[in-house]
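Computed from a predicted structure; not experimentally measured.
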Amino acid sequence: MKILYIIYQICIGLPIFLVLTILTALTTMIGCWLGNGHFWGYYPGKIWSQLTCWLFLLPISVEGHEKIDHRTSYVFLANHQGAFDIFLIYGFLGRNFKWMMKKSLRKVPFVGKACESAGFIFVDKSSPRKVYETIKHAEKVLQGGTSLVVFPEGRRTFTGHMNEFKKGAFLLADQLQLPVVPMTIDGSFDILPRTGKLLSWHRLKLTIHTPIYPKGKGEENLKELMTESYQAIESGLPEKYRN
């Protein structure tokens, strides 16, 4: 079965995925250019992600939808196990949101331009002024229930275990006084780890934990948000991936 799955993903899955990616990027760019970026910046990507998971025959499960209020803007935080984290969240979180991503991703053909058109937030750490501009941009975007999704580790894990969290997302949540929602991704590392070349069949699971509301503002609130978020996300991982 493993050999058949490899043949399927190379001969059928990958070519269709590449076509879907280009079509999704073009649809997003054209739709956002014509207007209503709130719609076109989210739904084409959502459908693309769902089709990608179904195309590669991956079973999906999501727990915790009932814990979030669709009228509230959140900063969603997830561990970064592998490339399929994006498809799992984009396709199955069920919330209109913007990604916070590295500035370098803007250079990816088609995808980078589509992300820019969709209003995703590119982080520029080149100077304090650029960081301040990022926060002000996020403040304008996170209105009316639109949320933000961030991988606080900043990069995919090499081992399946979580890396230390960076402060960026928590500084933003503290500055804007937004609740954070920890989310655990499980299975993505087993499908395609950072050093992998081919997919392995495995189920994907997204666990949405209880939102953590700010208890003040400043360094103390920041530390508490980081600690509670890390513990919540790690609690949803299998024992073999807990630090």
Side-chain angles (χ1 to χ4, degrees), residues 37-38 41-42 63-80 85-86 89-90 93-106 115-116 118-157 162-185 206-237 242-243:
H38 186 72
Y42 170 66
E63 294 181 0
H65 272 142
E66 72 284 354
K67 296 178 181 177
I68 53 180
D69 179 5
H70 287 262
R71 296 166 296 180
T72 301
S73 295
Y74 296 104
V75 176
F76 288 96
L77 308 168
N79 56 314
H80 206 356
D85 300 345
I86 295 169
I89 293 175
Y90 215 163
L93 176 57
R95 286 295 305 270
N96 197 321
F97 66 85
K98 306 296 183 185
W99 290 99
M100 177 176 276
M101 53 182 56
K102 298 175 182 177
K103 185 178 68 170
S104 59
L105 294 176
R106 188 180 264 143
C115 291
E116 184 178 350
F120 295 166
I121 298 171
F122 293 92
V123 180
D124 188 342
K125 300 178 181 178
S126 59
S127 69
R129 183 176 66 85
K130 291 295 185 181
V131 173
Y132 175 77
E133 288 176 358
T134 299
I135 293 175
K136 297 307 290 184
H137 180 209
E139 189 172 5
K140 292 178 182 178
V141 169
L142 301 178
Q143 303 290 334
T146 299
S147 296
L148 187 68
V149 173
V150 188
F151 295 116
E153 295 165 271
R155 58 190 176 91
R156 288 171 289 166
T157 176
M162 285 198 295
N163 299 307
E164 291 185 1
F165 285 174
K166 298 181 184 299
K167 287 186 177 181
F170 301 96
L171 283 169
L172 183 62
D174 179 67
Q175 183 72 25
L176 303 182
Q177 288 292 281
L178 292 174
V180 303
V181 180
M183 302 188 298
T184 303
I185 292 171
L206 178 66
T207 303
I208 303 169
H209 299 282
T210 303
I212 304 171
Y213 287 83
K215 303 177 182 68
K217 193 173 185 179
E219 191 65 27
E220 188 173 336
N221 179 56
L222 189 67
K223 290 180 180 179
E224 194 164 340
L225 285 176
M226 292 180 73
T227 300
E228 289 187 27
S229 297
Y230 194 98
Q231 291 173 347
I233 293 172
E234 191 177 49
S235 70
L237 289 172
R242 295 183 189 179
N243 292 325

Note to self: Using 0.5 Å steps for rounding, measure from the CD1 atom of Ile68 to the CZ atom of Phe76.
What the structure shows: 4.0 Å

Check: What are the two closest heavy atoms between Thr210 and Pro182, and how far apart are they?
Finding: O-CD, 3.7 Å

Item checked: Backbone N/O of Val181 and side chain of His209: donor-acceptor pair under 3.5 Å -> no

Next item on the list: Mind listing the closest non-hydrogen atom pair of Ala232 and Thr184 along with its distance?
Entry: O-OG1, 3.8 Å

Next item on the list: Look up atom OG1 in Thr227 and atom CZ in Phe170, then write down how far apart they are to the nearest 0.5 Å.
Entry: 9.0 Å

Checklist line | Any residue meeting side chain to side chain donor-acceptor pair (under 3.5 Å) with Tyr74, in chain and number order, not counting sequence neighbours | finding: none

Next item on the list: Check side chain to side chain contact (heavy atoms under 4.5 Å, CB included) between Arg156 and all other residues, then give those that pass, not counting sequence neighbours.
Entry: His80, Ala83, Arg194

Check: Can you list the residues that meet the salt bridge (Lys or Arg N to Asp or Glu O under 4.0 Å) rule with Glu234, with sequence neighbours excluded?
Finding: none

Notebook entry, point to check: When rounded to the nearest 0.5 angstrom, what is the spacing between CE in Met183 and CD1 in Ile233?
Noted result: 8.0 Å

Check: In chain order, what residues pass the salt bridge (Lys or Arg N to Asp or Glu O under 4.0 Å) check against Lys223, with sequence neighbours excluded?
Finding: none

Next item on the list: Report yes or no: does Asn221 contribute a side-chain atom to a donor-acceptor pair with the main-chain N or O of Lys215 at less than 3.5 Å?
Entry: yes

Check: Taking everything shown except Glu164 itself, do over 12 heavy atoms lie less than 6.0 Å from its CD?
Finding: no

Checklist line | N/O donor-acceptor pair under 3.5 Å between Lys98 side chain and Ala118 backbone | finding: yes

Notebook entry, point to check: Can any side-chain N or O of Ser73 pair as donor or acceptor with the backbone N or O of Thr146 at less than 3.5 Å?
Noted result: yes

Check: How far apart are the closest heavy atoms of Asn79 and Ile185, and which atoms are they?
Finding: OD1-N, 2.7 Å

Margin query: Over 60° means perpendicular and under 30° means parallel, so tell me whether Phe97 and Tyr90 are parallel, tilted or perpendicular.
Written below: tilted

Margin query: Please report the interatomic distance CG(Leu171) to CG(Leu176), rounded to the nearest 0.5 Å.
Written below: 10.5 Å

Checklist line | Nearest heavy-atom neighbours spanning Asp174 and Gly216 | finding: OD1-O, 4.0 Å

Check: Who are the side chain to side chain contact (heavy atoms under 4.5 Å, CB included) partners of Glu220, not counting sequence neighbours?
Finding: none

Next item on the list: With sequence neighbours excluded, tell me which residues meet ring-ring contact (aromatic ring centres under 6.0 Å, His included) with Phe122.
Entry: none

Margin query: If I take atom CD1 from residue Ile89 and atom CZ from residue Arg95, how far apart are they, to the nearest 0.5 angstrom?
Written below: 13.5 Å

Notebook entry, point to check: Looking only at heavy atoms, which two atoms of Leu206 and Leu93 are closest? And how far apart?
Noted result: CD2-CA, 4.4 Å

Notebook entry, point to check: Given Ile86 and Trp99, is the side-chain contact (heavy atoms from CB on, under 4.5 Å) satisfied, shown in steps?
Noted result: CA-CA 10 Å; Ile86 295 169; Trp99 290 99; 4.0 Å; yes

Note to self: Within this structure, what is the CG-CE distance for the pair Leu172 and Met100, rounded to the nearest 0.5 Å?
What the structure shows: 5.0 Å

